[in-house]
Amino acid sequence: MASNTQRPNVLLIMCDQMRGDCLGIDGHPDVKTPYLDTLAADGMLFENAYAACPSCIPARASLFTGKTPAGTGRVGYQDGVDWEYDHMLAQELRDGGYQTAVVGKMHVHPPRLGCGFEHMRLHDGYIGHYRKANLPYWMHQNVSDDYMRFLKNELGEFADVNGSGVENNSWIAHPWVYEERLHPTNWAVDESVRFLETRDRTRPFFLMTSFVRPHPPFDAPQTYFDLYRDMELREPAAGDWDNTEATERDGMVLDSIHGCRDAELRRQAMAGYYACITHMDHQIGRLITALENDETYHNTVIVFCSDHGEMLFDHGLFRKVLPYEGSTRIPFIVHVGKNVPRVAQSRARGTSESVVELMDLMPTLLDLCGIDVPEGVEGASLVGELTGAAPLDRAYLHGEHSRDAEQSNQWIVTPHDKYIWFTQTGVEQYFDLDADPRETVDLIGDPARAERIAELRSALVRELEGREEGYSVDGELVVGRTPAVVLEHPRGA
């Protein structure tokens, strides 16, 4: 193990529900992210980064454990299930000599489970499961959530995070109704800076700053709404396979997966979403400045990522869990300080087209910190990508999400194309991502693509072999098996 003087600090900046294309440096025509663009321009931007199970809990389980969804057993979203894992990222860093801290969203169960963090200042956003009246007292958000206590101390006992009335999974947008300094995005940075100022200076640090936004509610302060209020925004992606009838049928329901049928409300939601991103970006600028003032910026590995994306009305769809790029592709930036020994000479700058996933963060960070990667980790270290010494050897990524009859899906993605299979209906789709990154043309019936589709289908069959749901039998995909949200027998358990 490397000595403390040779090991880098680690700052993991995570957000919730940010699309991979919502960075200026990624070519988005509207959203403004100057601080993240600067971080990526001086670091490495992974252009094909994904969440293999795109909703909050399973995505975070993969990040914390370095395992696939099948490896964690979390192949869908379900609150209230205990996190019981032998190895987690913060635990390994703590045991390796790091001071570990988390500020913001964890979304683990039970609430305030340490997961290896020594210092915790938590806010998970508005999660209905932890707002119920019949919960054990200590689990309720009003008790277990540090930001909620902060807000009530500032504004009185009846203050709440949803004071504007916007719902936490909806397309309703409304500016923040309190002072900007009280917004949870600002609070997360305030608490992070406080940790940096008061940390144990005899040890390197691992700080996870975890924002709830741009996950709804779309409630950035008014000044950020004003940036996008009169802007002519790019229209959502539309394709030859869109279910416009479903949007017309369900598009008056504020949290419908089929989006919103009111054009002005859609525009407001998009503006509100982008406003949340720019607000967060500016606060990330504060955090990076704090590192510079502390004179630890050049000795720190900074990672920025999201847990999953947001459809944001592409193809008439909203929210996440679906297998499309808006939902599955995430921003993923790694910036290695110039004094970090492992990559100081190469400086780890540029872009990577390799398919990477949240499970790769654990082995990457442990590798950079000189700590052994635990047995059972399925992700891959990206240090070879960062140094240029060994590009990642991964032909494809297997993704999935179990939910209901309409949404349960399995998919295979490569740097160039994607195959999708819906487990309850048998519907298949195929997209050429090189020619059609917004997935507007479904090529599943194109005879010229039949051989390639068969290759990707076979890859999915292999990935699903032996799974308890019975999706793969005798080399064929089996439609209609009962989907499991949490596996009884995770792979490798």
State whether Asp37 and Lys32 are salt-bridged, where the test is any N-O pair (Lys NZ or Arg NE/NH1/NH2 against Asp/Glu carboxylate O) under 4.0 Å. no
Taking only residues two or more places apart in sequence, or in another chain, which ones meet His258 in a ring-ring contact (aromatic ring centres under 6.0 Å, His included)? none
Any chance the rings of Tyr224 and His282 have centres within less than 6.0 Å? yes
Could you list all the side chain to side chain donor-acceptor pair (under 3.5 Å) pairs where at least one residue sits in residues 110-121, not counting sequence neighbours? Arg112-Asp146, Glu118-Arg203, Arg121-Asp146, Arg121-Glu191
Answer yes if the ring centres of His107 and Tyr77 are under 6.0 angstrom apart, and no otherwise. yes
Can you tell me if His315 and Glu439 form a side-chain donor-acceptor pair at under 3.5 Å? no
Do the charged groups of Arg394 and Glu385 touch, with an N to O distance under 4.0 Å? no
Short side-chain donor-acceptor distance under 3.5 Å, Asp124 and Tyr126: no
When rounded to the nearest 0.5 Å, the distance separating SG of Cys276 from CH2 of Trp176 is 10.5 Å
Could you check whether any side-chain heavy atom of Glu378 comes within less than 4.5 Å of a side-chain heavy atom of Pro363, counting everything from C-beta outward? no
Give the intermediate values and the outcome of side chain to side chain contact (heavy atoms under 4.5 Å, CB included) for residues Gln407 and Lys320. CA-CA 10 Å; Gln407 293 183 293; Lys320 54 270 191 179; over 6 Å; no
Could you tell me if Gln429 and Tyr324 have a donor-acceptor pair between their side chains, going purely by distance under 3.5 Å? yes
Write out all pairs satisfying salt bridge (charged side-chain N to carboxylate O under 4.0 Å, His left out) with one or both partners inside residues 134-144, taking only residues at least two apart or from two chains. none
Do Phe218 and Tyr273 pass the ring pair (Phe, Tyr, Trp, His ring centres under 6.0 Å) test, and can you show the C-alpha distance, the side-chain angles, and the key distance before you say yes or no? CA-CA 6 Å; Phe218 301 147; Tyr273 182 73; 5.6 Å; yes
Are a donor atom and an acceptor atom from the side chains of His401 and Ser55 found within less than 3.5 Å of each other? yes
Go through the structure and list residues passing salt bridge (Lys or Arg N to Asp or Glu O under 4.0 Å) with Asp16, not counting sequence neighbours. Arg60, Lys105
Between the side chains of Glu325 and Arg19, is the shortest nitrogen-to-carboxylate-oxygen separation below 4.0 Å, so that they form an ion pair? no
Hey, would you say the Phe318 and Phe313 ring centroids sit under 6.0 Å apart? yes
Given 3.5 Å as the limit, does a donor-acceptor pair link the side chain of Asp417 with the main chain of Leu433, or not? no
Flag the pair Arg131 and Asp160 as a salt bridge only when some basic side-chain nitrogen lies within less than 4.0 angstrom of an acidic carboxylate oxygen. yes
Tell me, please, which residues at least two apart from Phe332 pass ring-ring contact (aromatic ring centres under 6.0 Å, His included). Phe46
So which heavy atom on Asp145 is nearest to which on Tyr147, and how close? OD1-N, 3.0 Å
Looking at Tyr274 versus His28, is the centre-to-centre ring distance below 6.0 Å? yes
Contacts of Glu180 meeting salt bridge (Lys or Arg N to Asp or Glu O under 4.0 Å) (sequence neighbours excluded), chain-then-number -> none
